[in-house]
Amino acid sequence: MTQRFVYAVLVLMILIPGLANALVILQYHHVDASTPAVTSVSPETFRRHMALLEEKKMSVVNLKEAMQSVMTGEPLPERAVAITFDDAYLSVYENAWPELKKRGWSFTMFTSTDPVDKKYADMMSWAQLREIKDGGAVIANHTRSHPYLLETPEGVDAEDWWATEIKQAEARIKEETGSSTRMFAYPYGEYTLKMAEWLEDHGYIAFGQQSGAVGTSAHPQVIARFPASGAYANTDTLATKLMSLPFSISADQVQDPVLADNPPELTLTIAVHDFKPAQLQCYAAGAGELDIETSVDGDAMTVTMQQPTKITAGRGRYNCTAPSLSQPGRYYWYSQLWVNTDVSNR
């Protein structure tokens with residue numbers, strides 16, 4: 001690598017913020033061929049995913065450290081990716097941990113503490129969680145009992161309930177592992193902006209399951225992760241996601257996902273750098289490409305979209321992408337989650 005090439009890369013990182021702080025986060029549940037397909041990836045497919053990370057020369061990073069860099073503007077390694085698992089299933093210890101350990105790769109285990117305390121047969125033990133932590137894993141918070149947080153029990157104050165589920169889980173993790181990360185993953189990937197505000201007030205950063213790359217403008221309580229299990233386990237599409245970059249879209253533009261109007265309208269103002277506004281495309285889950293209204297004013301682009309029919313499933317998304325000008329084959333990517341509470345999402 002020549003000195004001139006290194007200098008050129010550094011200039012690009014300064015001029016194009018998305019290249020300096022682009023983080024892709026992968027999200028898994030089970031690593032088992034016999035568990036529910038929608039939340040599972042087979043051990044063989046998981047091995048192919050890890051081989052793909054090597055093939056693409058990805059820099060596997062510690063999620064806590066990487067998020068600190070994202071939030072402070074410190075540059076990340078090129079092609080940074082973090083690996084996460086939700087729930088602390090035993091299959092992760094049996095089938096994923098050996099693959100990660102032999103590569104010396106960090107990963108994050110978002111843990112629901114009650115199933116571990118109750119010693120459910122398909123869950124890891126605290127001893128196993130301590131073992132993977134000693135091997136470089138991060139143990140983080142996924143509530144005590146993995147409830148559906150959008151449905152507050154009758155007669156219970158929502159914020160008191162969140163405190164019970166989240167603060168007590170954090171305390172158990174610290175008690176058993178000696179560490180408190182204050183990183184939280186929403187059960188089922190669903191949240192409200194009020195919940196996000198509560199987490200911010202209590203010092204947590206939080207992660208969903210909406211797709212997209214993470215950059216400095218990301219909402220710290222609505223961090224995107226790419227699901228990599230079930231229908232999303234295809235290595236060809238995963239390769240594209242690994243190369244994704246974050247749009248510069250301010251955190252205050254994240255909309256409350258619970259539908260007030262159906263179909264929902266979304267307007268975004270995007271800082272234009274390293275992509276042509278005419279190449280921006282937006283899609284709705286199950287509805288295909290959307291007609292969008294756009295306007296450009298200097299370095300800012302405003303885009304408005306609305307799918308033509310109602311969201312009838314429990315969840316929906318609007319995804320927007322645009323190809324990078326400086327790095328052919330890489331795409332800027334942003335996703336807005338929608339939740340239709342008329343349909344059960346458990």
key: disulfide (SG to SG under 2.5 Å) contacts in which one or both residues fall within residues 207-291, not counting sequence neighbours   = Cys282-Cys320

ask   = For Tyr232 and Gln27, does a side-chain donor sit closer than 3.5 Å to a side-chain acceptor?
value = no

message = Counting only heavy atoms from other residues, nucleotides and ligands, does the tally under 6.0 Å from CG of Asp252 exceed 12?
response = yes

request  = Please determine, by modelled atom types, if Ser145 and Asp114 share a side-chain donor-acceptor pair under 3.5 angstrom.
outcome  = no

message = Any non-hydrogen side-chain atom of His30 less than 4.5 Å from a side-chain atom of Pro36?
response = yes

ask   = Does a donor on one side chain sit under 3.5 Å from an acceptor on the other, for Ser179 and Lys133?
value = yes

inquiry  = Looking only at the side chains, is there a donor atom on one of Glu170 and Ser180 sitting less than 3.5 Å from an acceptor on the other?
reply    = yes

request  = Determine whether the side chains of His142 and Asp87 contain a donor N or O and an acceptor N or O closer than 3.5 Å.
outcome  = yes

Pair Ser40, Asp32: side-chain N/O donor-acceptor within cut-off below 3.5 Å = no

request  = For the residue pair Glu131 and Tyr93, confirm or rule out a side-chain donor-acceptor distance under 3.5 Å.
outcome  = yes

Any Gln221 side-chain heavy atom under 4.5 Å of Trp198 side chain = no

ask   = Side chains of Gln168 and Arg172: does their closest heavy-atom pair fall under 4.5 Å?
value = no

query = Does the side chain of Tyr188 come within less than 4.5 Å of Leu150's, by heavy atoms?
reply = no

request  = Could you tell me whether the side chains of Ser335 and Asn319 share a donor-acceptor contact shorter than 3.5 Å?
outcome  = yes

